[in-house]
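Have a look at the structure below before the remarks.
Every chain is numbered from 1, with letters handed out A, B, ... down the list of sequences. Keep in mind that what you see is a predicted model, and the values were worked out from it rather than measured.
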There are 2 protein chains.
Amino acid sequence: MFSKACEYGIRASIFIAERSLMGMKVSLKEVANAIDSPEAYTSKILQKLSRHEIVSSEKGPNGGYLIGPQQIEKVMLNEIVFAIDGDKVYQGCGLGLPKCDGAKPCPAHHQFKIIRDELKEMLETTTIKSLTLGLSESLTFLKR
Amino acid sequence: MFSKACEYGIRASIFIAERSLMGMKVSLKEVANAIDSPEAYTSKILQKLSRHEIVSSEKGPNGGYLIGPQQIEKVMLNEIVFAIDGDKVYQGCGLGLPKCDGAKPCPAHHQFKIIRDELKEMLETTTIKSLTLGLSESLTFLKR
DNA sequence: CTTTTATCGGACAAATTTGTCCACTTTAAT
DNA sequence: ATTAAAGTGGACAAATTTGTCCGATAAAAG
Ligand code: FES
Ligand code: FES
């Protein structure tokens, strides 16, 4: 569905959001450990999210990543997907034609459009914050 | 959503099915041309579909690919996806955890499960034959 | 039986994605 | 000021996916 980079990005954002809600910053090492991802690779992904102003980063001792109080209410899943994977989820044809185009559709356009529209709706209405809810009670997990 | 190989595989199957319904066989070259795919790569994919008994192949002069009269009524989209991409569509976690597992779910499991179940349902109930319908009237397209 | 035509399958090559390393910058603490 | 602790960013490496080449195999036609 998404690239591995995007999966890491979402998991990382959820973790940072959870800690930010508790008023904490987290280091790269903590993120990588929490979501079980390669540290340096995760760093690249967080840089991208930082440039897209989805997460904030602070350098120096006691630095780390966080999501500010205003941002945390607003960041939707689709922003992270868009920042990392671009618009291929939105514009891509299920059968691989250059672009999904209802005016010249592939044979499965109708079937795929239904699914894709629902996925889009889900991504656009799900906040990162809402995804942190089950974490502290161990109802949900960021690694296994 | 799917690998490129899988996209080629579905497009190829739809094309072969359309011709098979007209009682024709098609050569590798015709397939690759019809779906705008690299010939040798398409060959690998058709071999895989052939080994999974989704399409039939015949060697020698007047050889080519076809889908038999019984098969064409039965082949569903999900069989092609499964033959090429395996069960990652079915078992994969949306956030990249090793396996989607409701007993130890990722934070977005609920949201993803809804989408994935619908995708699964769609793939399992859509026949290749049904996807050929708009082709001859140029209502749908296998390449652009 | 030979030739021609087609798929089969293994080895190889290119491109993309994923992952690593290290020098650099920024910032806080001493 | 100096040092140590963090993220930054560029170059590189490994792995995976995508794509190519070519000889082997099978079958029909002459
Ligand atoms: S054209 Fe293929 S999904 Fe829309
Ligand atoms: S565990 Fe992540 S989608 Fe089910």
Side-chain angles (χ1 to χ4, degrees), chain A residues 1-13 15-16 19-20 24-33 35-67 81 83-86 88-89 92 95-96 98, chain B residues 1-13 16 19 24-33 35-67 81 83-86 88-89 92 95-96 98:
Chain A
M1 179 119 46
F2 308 128
S3 68
K4 246 177 171 49
C6 190
E7 293 171 348
Y8 290 148
I10 297 172
R11 301 224 300 278
S13 298
F15 175 67
I16 296 170
R19 294 310 171 93
S20 291
M24 298 178 187
K25 270 180 297 194
V26 290
S27 70
L28 172 61
K29 204 160 295 194
E30 289 174 304
V31 172
N33 192 63
I35 72 174
D36 191 27
S37 65
E39 205 175 304
Y41 195 45
T42 305
S43 166
K44 302 298 185 199
I45 296 162
L46 289 176
Q47 281 172 43
K48 202 173 268 191
L49 293 180
S50 177
R51 283 192 290 267
H52 278 82
E53 296 175 11
I54 291 165
V55 308
S56 309
S57 70
E58 293 179 4
K59 286 181 171 181
N62 290 317
Y65 300 95
L66 68 145
I67 302 180
V81 172
I84 299 176
D85 279 354
K88 80 178 179 201
V89 173
L95 296 191
Chain B
M1 180 121 44
F2 308 128
S3 69
K4 246 179 168 55
C6 191
E7 293 170 348
Y8 290 148
I10 296 172
R11 302 223 300 278
S13 298
I16 296 170
R19 295 308 172 93
M24 296 178 187
K25 270 180 295 194
V26 291
S27 70
L28 171 61
K29 205 161 295 193
E30 289 173 303
V31 172
N33 192 62
I35 72 173
D36 190 27
S37 65
E39 206 174 305
Y41 195 45
T42 306
S43 167
K44 303 296 186 202
I45 296 162
L46 289 175
Q47 281 172 43
K48 202 172 268 190
L49 293 180
S50 176
R51 283 193 290 268
H52 279 80
E53 297 175 10
I54 291 164
V55 310
S56 309
S57 70
E58 292 178 5
K59 286 182 172 183
N62 290 317
Y65 300 94
L66 69 144
I67 303 181
V81 172
I84 299 175
D85 278 355
K88 81 179 177 195
V89 172
L95 297 191

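Note: CG (A:Leu28) to C1' (D:dT8) measures 11 Å, nearest angstrom. Counting to the nearest Å, the P atom of D:dC21 and the CD atom of B:Glu39 are 11 Å from each other. The distance from atom CG of A:Asn62 to atom P of C:dT30 is 10 Å, rounded to the nearest whole Å. Remark: P of D:dG7 and CG of A:Leu49 are 14 Å apart, rounded to the nearest angstrom. If you take NZ of A:Lys25 and C1' of C:dT26, they are 13 Å apart, rounded to a whole angstrom. For the pair B:Lys59 NZ and D:dA27 P, the interatomic distance rounds to 7 Å; values are reported in whole Å.
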Got a list of side-chain donor-acceptor pairs under 3.5 Å for residues 42-56 of chain B, not counting sequence neighbours?
from: B:Thr42; atom 1: OG1; to: B:Ser37; atom 2: OG; distance (Å): 2.5
from: B:Thr42; atom 1: OG1; to: B:Pro38; atom 2: O; distance (Å): 2.6
from: B:Ser43; atom 1: OG; to: B:Gln47; atom 2: NE2; distance (Å): 3.2
from: B:His52; atom 1: ND1; to: B:Lys48; atom 2: O; distance (Å): 3.1

List every contact pair, protein side and nucleotides 15-19 of chain D side both N or O, where the distance is under 3.5 Å.
from: D:dT18; atom 1: OP1; to: B:Lys4; atom 2: N; distance (Å): 3.0
from: D:dG19; atom 1: OP1; to: B:Tyr8; atom 2: OH; distance (Å): 3.4
from: D:dG19; atom 1: OP2; to: B:Tyr8; atom 2: OH; distance (Å): 3.3

Atom pairs under 3.5 Å: protein N/O with N/O of nucleotides 2-4 of chain C:
none

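The shortest side-chain heavy-atom distance between A:Arg11 and A:Phe15 does not fall under the 4.5 Å cut-off.
Taking the side-chain hydrogen bond (donor to acceptor under 3.5 Å, both in side chains) definition, one finds that A:Lys25 meets it with A:Glu58, sequence neighbours left out. Legend: residues meeting salt bridge (Lys or Arg N to Asp or Glu O under 4.0 Å) with A:Glu39, ordered by chain and number and at least two apart, are absent.
Comparing A:Gly60 and A:Gln47 against DNA chain D, the residue whose closest nucleotide sits nearer the 5' end is A:Gly60.
Residue contacts for B:Ser27: at a heavy-atom cut-off of 4.0 Å it reaches the sugar-phosphate backbone alone, with no base atom in range. Using a 4.0 Å heavy-atom criterion, one finds that B:Glu58 contacts the sugar-phosphate atoms exclusively.
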